[in-house]
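These notes are about the structure you will find just below.
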Amino acid sequence: MPKSPTVDGQPSGDSRRRSLGALLRRVHLGGPVSRAGLAEWLGVNRSTVLALTSELVAAGLVREGFPELTGRAGRPSLVVRPASDRVYVLAFDIAVDRLVAARVGLGGGIQDRREAHRARAGVDLETVVGVLADLGRQLHRAAAEGAVCVGVGASYCGMIRPGDGMVRFGPDLGWVDQAFGAELERRLDLGLPVLVGNEAHLGALAEHQRGVGVGVRNLVYLHGDVGVGGGIIVGGELLGGDGGYGSEVGHMLVNPYDGRPCGCGSRGCLEAEVGERALLDAAGRPADLTGRDAVREVVEAAGRGEPAARDALRTIGDWLGIGVANVINLFNPGMVVFGGVLREVYRGAAPHVQRRIAANVLPVSRTRAQLRVCALGDDATLVGAAELGFARLLADPLGVRAG
Ligand SMILES: [Zn+2]
């Protein structure tokens, strides 16, 4: 095979693309860093970093400059930082109760956002995509002059076919085989593919890359919306399964005989026992009351000592503990992260969850698994969608060259 040509004595082709991608990823996820720091991190010499950085500067993806003043004496060394004001993605979060759109700069900062609330039932693809496309175009128009959109990512509360963003099954919205990704791409008309992922998968990646799970290579993320989604990271990689539909922790069977009916058509799934309706019913709240605020109210009421709310959290906490005990025994994670509305539920029910784990998890795994609430709050899935949008750029920075 012919040897790859070189530029400035540096390798070209795949290896160069990988190095550029790795460097840009480090700056994107880790923030400003010196050339010396980049050389050490990439395991290359300084002249190689200089050449790589120069290419990214020329492409308008990073800038070099002096760091923020630290008050320390001596000549500060130059740092490489993402060109956040020039390069951005559009990120969308399609949750059961709300639609969120954001413009997210390289480096991960949310620059601008728009949100729409919507009814849960009877909302068709056309309506959802129409609202999202309007919000996306507003954000695109409001971007600084000269700024370039390099990708579009979306988080959806259902099972997504990875290749084309087809919603295979969205039980909470009643969607089956809806061409969501393709339709949003057509309506946005930006000449960019729309990449779509399952909300809990993206929440797991976001917490792993930017949240409480940074540096944790084996992590289980549980996302509560109306139901419960799961994202499992093994060895730093999301466990997608054969078709990308894996990690459905919410449909783990925990109560087959007298369990509550589940949106998937089964009975006694984890999400049927710990989801929004289970908690509100257990707390004696009216059947027409729904939403994150209602769940949060029950947790607050339990904190004030309301007996019905406390009982509800004990029941829900026990079921949640059963589910978490199973995933800890199966995957031996270093961390279990509670996201979405499960963040509040876990805060209110932690002793009950922990009691079940103490009783049912094998000791060698139990001692390793930290239980944490997500660090990115309600934005975990939106941040994950943005990272999906940046994926093409980070894989091939000059192929998706900005400007
Ligand atoms: Zn189910």
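We count residues from 1, following the sequence as given. Counting starts at 1 for both ligands and their atoms, in listed order. Owing to the predicted nature of the structure, the values given are computational and were not obtained by experimental measurement.
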Check for me: within less than 2.8 Å of the Zn ion (ligand 1), which protein N/O/S atoms show up? H251 ND1, C262 SG, C264 SG, C269 SG

When you measure from the side chain of E344 to the backbone of V299, do you find a donor-acceptor pair of N or O atoms at a distance under 3.5 Å? no

Closest non-hydrogen atom pair between R267 and P261, with its separation: NH1-CD, 3.9 Å

Give every residue pair that meets the ring pair (Phe, Tyr, Trp, His ring centres under 6.0 Å) criterion with at least one member in residues 19-43, sequence neighbours excluded. H28-F390

With the side chain counted from C-beta on, respond yes when V220 and P333 share a heavy-atom pair under 4.5 Å apart, and no when they do not. yes

Heavy atoms of other groups near R114 CZ, more than 12 under 6.0 Å: yes

Verify the neighbour count for atom CD of Q370: are there more than 12 heavy atoms of other residues, nucleotides or ligands below 6.0 Å? yes

